[in-house]
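Structure, as structure tokens:
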Amino acid sequence: MSAPEIVDLAVAQAPRLITGVPGPEAMARIERDRKVTSPSLPRAYPFVPRRGAGSVVEDVDGNLFLDLNAGIAVTSTGHTHPRVVAAIQRQAEELIHYSASDFFLPIYTDVCERLDEIAGMSKPARSFLTNSGTEAVEAGIKLARYATGRQYVIAFFGSFHGRSYGSVSLTASKARYRTGFGPLLPGVLHSFFGDFEYLEEVLFKRLVSPHEVAAIVVEPILGEGGYVLPPEGWFRYLRELCTRHGILLVADEVQSGMGRTGKMWAMQHFGAEPDILLVGKGIASGMPLGAMVARDDLMTWEIGAHGSTYGGNPLSCAAALATIDLIEDGLIENAERVGSFLLDGLRDMQARRPLIKEVRGLGLMIGIEFQDHDTMIVVEQAAFRRGLLVLGAGDDVVRMCPPLVFRRDQAETALEVFEEAVAEAGGS
Ligand code: PLP
């Protein structure tokens, strides 16, 4: 028997399927997985990745997929970018761990300095590094309460901020995330994303004085909630409202940040500066890292108030420094350029395919809304069977959030394959 072909994924054309998907090895893996993993894991479809490079991922059967998920908006520089891999390898040979909470880890400082530079805040910023987006949200809630001495936090219906008790109390995209877990964190209220009245006319008049509100926590673009953009002027309104009442505006840029929308932060499209910025996902190209970045004058908490054993571990920090360099060195522009091409192509497709209700997005954060949930699922699964990885969001939206290295020729292929998937759903 000849040895299996090792494909150079960095130059490979995808999709290229050599078995039906899932293939035999994938099915065997899934059977083992189902016996030992938590049934709470919300697996979207039977994709079993083995290797990746750029925007191409090979599964365990040797099928090549074009990845418009980026590991759920995480692998910003593409899978296994050589400069990120080299940075992790170098760091692994020097020091894998030392808790930065209890000692002074130089690379932790380096990342916080870089975050101060790129945060775009009008005052100096300090950062607290975490292992995940959820923990960044958690840190943001704690700091906002601590710094203001106020207890209430307002979030928005449709938002996703994570699943720990604090963050899931803000999350309001699906009841499933909360069902069976109550009571959740007290003092959390919800308003409507993009609404100009409910906060003041209902919440502040009927439920809570604005002077007891510590923070408004908001995604610039709803992510898990369906890639929903805010209406014109809404963030300027929120900024002014927060300033007027001494409320902290906390921008959860875990999904929308790090260049994905064609600017470093999605908030920069909307003309409002947050007081606290929450970062995760794309910051370290797949290594676990999050950050809660706040204006210097807000970091009033005292020694010991918050910490973490692993948060900002050296390997993640090394990956983050390489990632930030790459993002600043052309990937933001690429996200803007290839994202516009993809958006235009999808809008043309919408004109031909009545199943598509709306195409929206900024940069490489694109949502395609279908007429209903079932149609969206059919399209998502049909795309997978053709080797195109996309993922549902909200009730009826397919999201595209490829790596920021996504190329124009790959976008052309993605459009062709996606249209076939839409056609399979009945959109002739
Ligand atoms: N905030 C937003 C906007 C997110 O999209 C997510 C994850 O999808 C989180 C927070 C939670 O991040 P993590 O899954 O890294 O804990």
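Scope of the values below: all heavy atoms of this structure, side chains included, with no hydrogens, waters or symmetry mates. Order of listing sets the numbers, starting from 1, for every ligand and every atom in it. One is the number of the first residue; the rest follow in order along the sequence.
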For residues 222-236, which side-chain N or O atoms pair as donor and acceptor with protein atoms under 3.5 Å away, sequence neighbours left out?
residue : atom : partner : partner atom : Å
Glu224  : OE1  : Arg399  : NH2          : 3.2
Glu224  : OE2  : Lys174  : NZ           : 2.6
Glu224  : OE2  : Tyr177  : OH           : 2.6
Tyr227  : OH   : Gln255  : OE1          : 2.8
Glu232  : OE2  : Arg236  : NH2          : 3.0
Trp234  : NE1  : Asp195  : O            : 2.9

Exercise. Is any NZ, NE, NH1 or NH2 atom of the basic residue among Arg244 and Glu240 found under 4.0 Å from an Asp or Glu carboxylate oxygen of the other?
Worked result: yes
Problem set entry | Set of salt bridge (charged side-chain N to carboxylate O under 4.0 Å, His left out) partners for Glu58, sequence neighbours left out | Arg50, Arg51
For this session: For ligand 1, list the protein residues that place a heavy atom within a distance below 4.0 Å of one of its atoms, sorted by chain and number.
Result: Ser132, Gly133, Thr134, Phe160, His161, Gly162, Glu219, Asp252, Val254, Gln255, Lys281
With a 3.5 Å cut-off and sequence neighbours excluded, list the donor-acceptor pairs that the side chains of residues 246-254 form with protein atoms.
residue : atom : partner : partner atom : Å
Asp252  : OD1  : Val254  : N            : 3.0
Asp252  : OD2  : His161  : ND1          : 2.7
Glu253  : OE1  : Ser256  : OG           : 2.8
Glu253  : OE1  : Gly257  : N            : 3.4
Glu253  : OE1  : Ala266  : N            : 2.9
Glu253  : OE2  : Ala266  : N            : 3.1
Glu253  : OE2  : Met267  : N            : 2.9

Exercise. Cut-off 3.5 Å, side chains only: do Ser285 and His81 have a donor facing an acceptor?
Worked result: no
Exercise. For the rings on His190 and Phe156, is their centre-to-centre separation under 6.0 Å?
Worked result: no
